[in-house]
A.B. asks: 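Dropping the structure in here first, questions after.
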Amino acid sequence: MGKLDGKVAVVTGASRGLGAVLVTGFAAEGAAVVLAARTRADLERVATACRQAGAVRAEVVPTDVTDAVQVDALVRTTVDRFGQLDVFVANAGVARPGLTDKPMTTLETYDLDVVEQLFRINAIGVWLCMKAALPVMSAGGSFIAIGSGLGRSAGARAGIYAVSKACVDVLVRIAAAETAERQVRVNGLSPGGMVDTYLFGPNKMPDYIKAHARWSEPEVIVPAAVWLASDDSRGITGVQLVAKEFNSMSPEQCFAALRAQVTAD
Ligand code: NAP
């Protein structure tokens with residue numbers, strides 16, 4: 001028995017990095033999965049991995065989360081093909097478009113087009129996903145937005161990325177309050193810093209960033225995301241969880257620690 005048996009889950013940014021690990025983890029727990037991002041070939045490769053992990057069904061719907069028509073089509077296609085939408089993970093995000101070869105910069109050094117791009121993907125993209133998905137999710141549905149600790153700890157050089165991720169936290173709290181009556185849950189999940197993703201550009205994590213923090217593998221987030229997506233977290237909504245701290249725990253220990261984190265929130 002998987003923890004997500006019978007559920008249909010959409011994951012954005014599923015073509016690589018954290019999203020690919022997440023969607024494969026959901027597939028291994030019995031979910032039928034829909035993979036969204038802009039690059040079809042990468043999505044197809046991850047869908048194959050999902051099937052190998054045991055997915056009952058894995059389908060690819062290329063989607064740009066900044067385009068309302070495409071996001072609506074993603075949700076409509078999911079409901080048409082699967083008959084339901086139980087879990088939506090708004091994971092697609094970027095850190096520093098066009099700046100990947102430069103050290104982290106101060107606020108006044110950003111160009112407007114970079115700032116607009118960051119907000120369009122990280123904040124407006126999440127809102128568009130909420131706008132399309134939340135109305136079609138029925139009682140028990142779980143919407144998970146991937147945030148970042150930087151959005152909360154924001155210090156010097158955290159950048160516009162941190163501002164856009166703070167927006168995600170606020171979106172989560174508002175949406176959770178607005179959907180509580182229908183028993184649709186909306187929560188935030190932050191992975192902590194992860195190596196082996198492309199958030200910082202095609203060369204992965206630059207050494208100057210690696211040198212300043214503790215990093216973990218994207219896999220650390222899977223138990224926390226499965227828990228939030230599953231009925232085990234029934235009743236929990238409007239919280240921001242941090243996955244990284246549960247790195248070395250068994251799934252059972254992780255679930256207990258997550259419950260404690262919710263209580264302390
Ligand atoms: P990544 O390896 O660069 O993956 C980003 C994903 O988002 C890709 O699948 C990309 O696919 C997709 N994407 C980018 N723009 C998109 C758009 N406009 N529409 C649809 N999909 C789009 O980065 P990652 O590290 O896995 O990041 C995933 C999430 O984790 C992000 O929200 C990030 O902020 C968050 N996070 C990461 C870290 C970390 O240390 N890596 C820490 C905290 C939070 P296409 O290019 O094919 O569209």
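Every number for a ligand or one of its atoms is a count from 1 in the order of the listing.
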A.B. asks: Check whether any side-chain heavy atom of V184 sits under 4.5 Å from a side-chain heavy atom of M137, and report yes or no.
C.D. replies: yes

A.B. asks: Does ligand 1 have an atom under 4.0 Å from some heavy atom of K165?
C.D. replies: yes

A.B. asks: Per the side chain to side chain donor-acceptor pair (under 3.5 Å) rule, what does the pair list look like for residues 118-146, sequence neighbours excluded?
C.D. replies: N122-S164

A.B. asks: Pick, from I146, N91, V126, the option with the minimum heavy-atom distance to atom 31 (C) of ligand 1.
C.D. replies: N91

A.B. asks: Provide the number and element of each atom of ligand 1 under 4.0 Å from a heavy atom of S15.
C.D. replies: 8 (C), 9 (O), 10 (C), 11 (O), 45 (P), 47 (O)

A.B. asks: For atom 5 (C) of ligand 1, which candidate among A145, P191, G93 provides the closest heavy atom?
C.D. replies: G93

A.B. asks: Could you list the donor-acceptor pairs under 3.5 angstrom formed by side chains in residues 16-40, with sequence neighbours left out?
C.D. replies:
unit_1: T24; atom_1: OG1; unit_2: A20; atom_2: O; d: 2.6
unit_1: E29; atom_1: OE1; unit_2: K3; atom_2: N; d: 2.8
unit_1: R40; atom_1: NH1; unit_2: E44; atom_2: OE2; d: 3.3

A.B. asks: Tell me which one of I221, V89, T63, T12 gets a heavy atom nearest to atom 20 (C) of ligand 1.
C.D. replies: T63

A.B. asks: Would you please say whether a donor-acceptor pair under 3.5 Å links the side chains of Q84 and D86?
C.D. replies: yes

A.B. asks: Is there a side-chain contact between T106 and R157 in this structure, where contact means two heavy atoms from C-beta onward sitting under 4.5 Å apart?
C.D. replies: yes

A.B. asks: Are any of the N or O atoms of T39 closer than 3.5 Å to those of ligand 1?
C.D. replies: yes

A.B. asks: Quick one: which ligand 1 atoms are inside 4.0 Å of a heavy atom on D64?
C.D. replies: 17 (C), 18 (N), 19 (N)

A.B. asks: Would you say ligand 1 has an N or O under 3.5 Å from any N or O of A37?
C.D. replies: no

A.B. asks: Cut-off 3.5 Å, side chains only: do R185 and T179 have a donor facing an acceptor?
C.D. replies: no

A.B. asks: Would you say L18 and ligand 1 have an N/O pair spaced under 3.5 Å apart?
C.D. replies: yes

A.B. asks: Are any of the N/O atoms in R38 less than 3.5 Å from those in ligand 1?
C.D. replies: yes

A.B. asks: Could you see if F82 belongs to whatever hydrophobic cluster contains V61? Use Ile, Leu, Val, Met, Phe, Trp, Tyr and a side-chain cutoff under 4.5 Å.
C.D. replies: yes

A.B. asks: Give the atoms of ligand 1, by number and element, whose distance to some non-hydrogen atom of G17 is under 4.0 Å.
C.D. replies: 2 (O), 26 (O)

A.B. asks: Give the atoms of ligand 1, by number and element, whose distance to some non-hydrogen atom of Y198 is under 4.0 Å.
C.D. replies: 1 (P), 2 (O), 3 (O)

A.B. asks: Measuring from atom 44 (C) of ligand 1, which candidate in A36, S190, G147 has the nearest non-hydrogen atom?
C.D. replies: G147

A.B. asks: Is L199 in polar range of ligand 1, meaning some N or O pair under 3.5 Å apart?
C.D. replies: yes

A.B. asks: Please identify which of these residues, L128, V126, I121, meets the side chain to side chain contact (heavy atoms under 4.5 Å, CB included) condition with I124.
C.D. replies: L128

